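The shown structure was predicted, so the numbers you read here are calculated from the model rather than taken from an experiment.
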Amino acid sequence: MKCREIIKILIEVLIIAIISYLINLIPFVSNVLNMFIPKVNNVVYTFIGLISVYMLGKNIIKYQKISFIISIISYIILIILTLFVRTKYENYMYKDGLYLLEWFKNIFNNKVIFINIIGNLVLFIPMGIMIIIKKISKISIDILLGILIIICLELVQFFTKRGVFDLGDIVLNSIGLVIGVAVYIVRREVFHGRKQEKRS
């Protein structure tokens with residue numbers, strides 16, 4: 001990799017670090033993060049999340065190996081911080097997901113429910129984009145692979161007692177994954193359409 005590219009990435013990382021700090025000066029952001037991930041430093045969490053999204057965003061426009069690798073590593077760290085850095089339960093925890101019906105009714109009436117639903121959706125949009133960028137098989141097979149990863153994450157939470165095996169989370173995370181796939185496909189089609197227009 002060229003020296004110029006390394007310097008450019010370091011500058012981007014520095015800018016994202018500053019933005020992460022400034023974002024956490026907003027009381028709403030710090031309150032939400034303290035509510036859902038109290039054991040993780042807010043600025044660090046925001047920084048890892050923004051790095052992951054930014055590097056992945058670059059790959060939606062144009063695939064670049066180094067930024068894709070950075071996005072994968074930072075996203076894995078983000079998942080670990082979100083799902084596993086938490087107080088250990090005494091018992092194995094399980095939820096059947098039926099509460100989602102009530103949650104969707106109250107999504108705009110309850111701030112905690114709204115943030116929980118949006119958080120579960122948004123957290124797995126990057127995974128959908130990643131699996132479609134590095135297409136392994138048919139889109140349907142790649143989506144099933146992504147859902148299998150989500151189920152495995154829930155099982156790890158269950159067996160390590162670091163979270164709840166929650167069918168509701170699996171549903172929301174899977175929807176987020178599909179949204180990520182759709183975002184990339186739409187972006188690719190729009191970009192491809194513009195290229196065709198320029199050529200004609």
Please tell me if the side chains of [X] and [Y] come closer than 4.5 Å, counting only heavy atoms from C-beta onward.
X	Y	result
I9	M55	yes
I139	I185	yes
I175	F124	no
F36	N116	yes
I61	R187	yes
N34	N42	yes
L81	I37	no
Y184	M130	no

Answer with yes or no whether the hydrophobic clustering places [X] together with [Y]; edges join I, L, V, M, F, W, Y residues whose side-chain heavy atoms lie under 4.5 Å apart.
X	Y	value
L101	Y94	no
I125	V53	no
I107	Y99	yes
Y21	V13	no
V164	L83	no

Strictly distance-based, threshold 3.5 Å: is any side-chain N or O of [X] a donor or acceptor partner for the main-chain N or O of [Y]?
X	Y	answer
D169	F165	no
N59	Q64	yes
S52	G49	no
N173	N120	yes
K161	E90	yes

Could you grab the distance from atom [atom1] of [X] to atom [atom2] of [Y], nearest 0.5 Å is fine?
X	Y	atom1	atom2	value
I131	I149	CD1	CD1	7.0 Å
N41	T46	CG	OG1	8.5 Å
L56	I72	CG	CD1	9.0 Å
E12	I70	CD	CD1	8.5 Å
N106	F108	CG	CZ	11.5 Å
L25	S20	CG	OG	11.0 Å

Looking at [X] and [Y], what are the two nearest heavy atoms and their distance?
X	Y	result
K135	D142	CG-OD2, 3.4 Å
N24	L33	OD1-CD1, 3.5 Å
P126	Y75	CB-CE1, 3.6 Å
M127	I150	SD-CG1, 4.4 Å

More than 12 foreign heavy atoms under 6.0 Å from NZ of K8: is that the case here?
no
In sequence, state the C-alpha distance, the side-chain angles, and the governing distance for I6 and L10, and then conclude on side chain to side chain contact (heavy atoms under 4.5 Å, CB included).
CA-CA 6 Å; I6 294 171; L10 289 174; 4.1 Å; yes
Could you tell me how the ring of Y92 sits relative to the ring of F159: parallel (under 30°), tilted (30 to 60°) or perpendicular (over 60°)?
perpendicular
Full working for side chain to side chain contact (heavy atoms under 4.5 Å, CB included) between L172 and L100
CA-CA 9 Å; L172 292 172; L100 278 181; 3.8 Å; yes
Could you verify whether a donor N or O on one side chain and an acceptor N or O on the other, from Y54 and S67, lie under 3.5 Å apart?
no
Does I7 form a side chain to side chain contact (heavy atoms under 4.5 Å, CB included) with C3? I'd like the steps, not just the answer.
CA-CA 6 Å; I7 292 169; C3 184; 3.9 Å; yes
Take L123 and I79 through the test side chain to side chain contact (heavy atoms under 4.5 Å, CB included) and record every step on the way to the result.
CA-CA 8 Å; L123 185 62; I79 290 291; 4.0 Å; yes
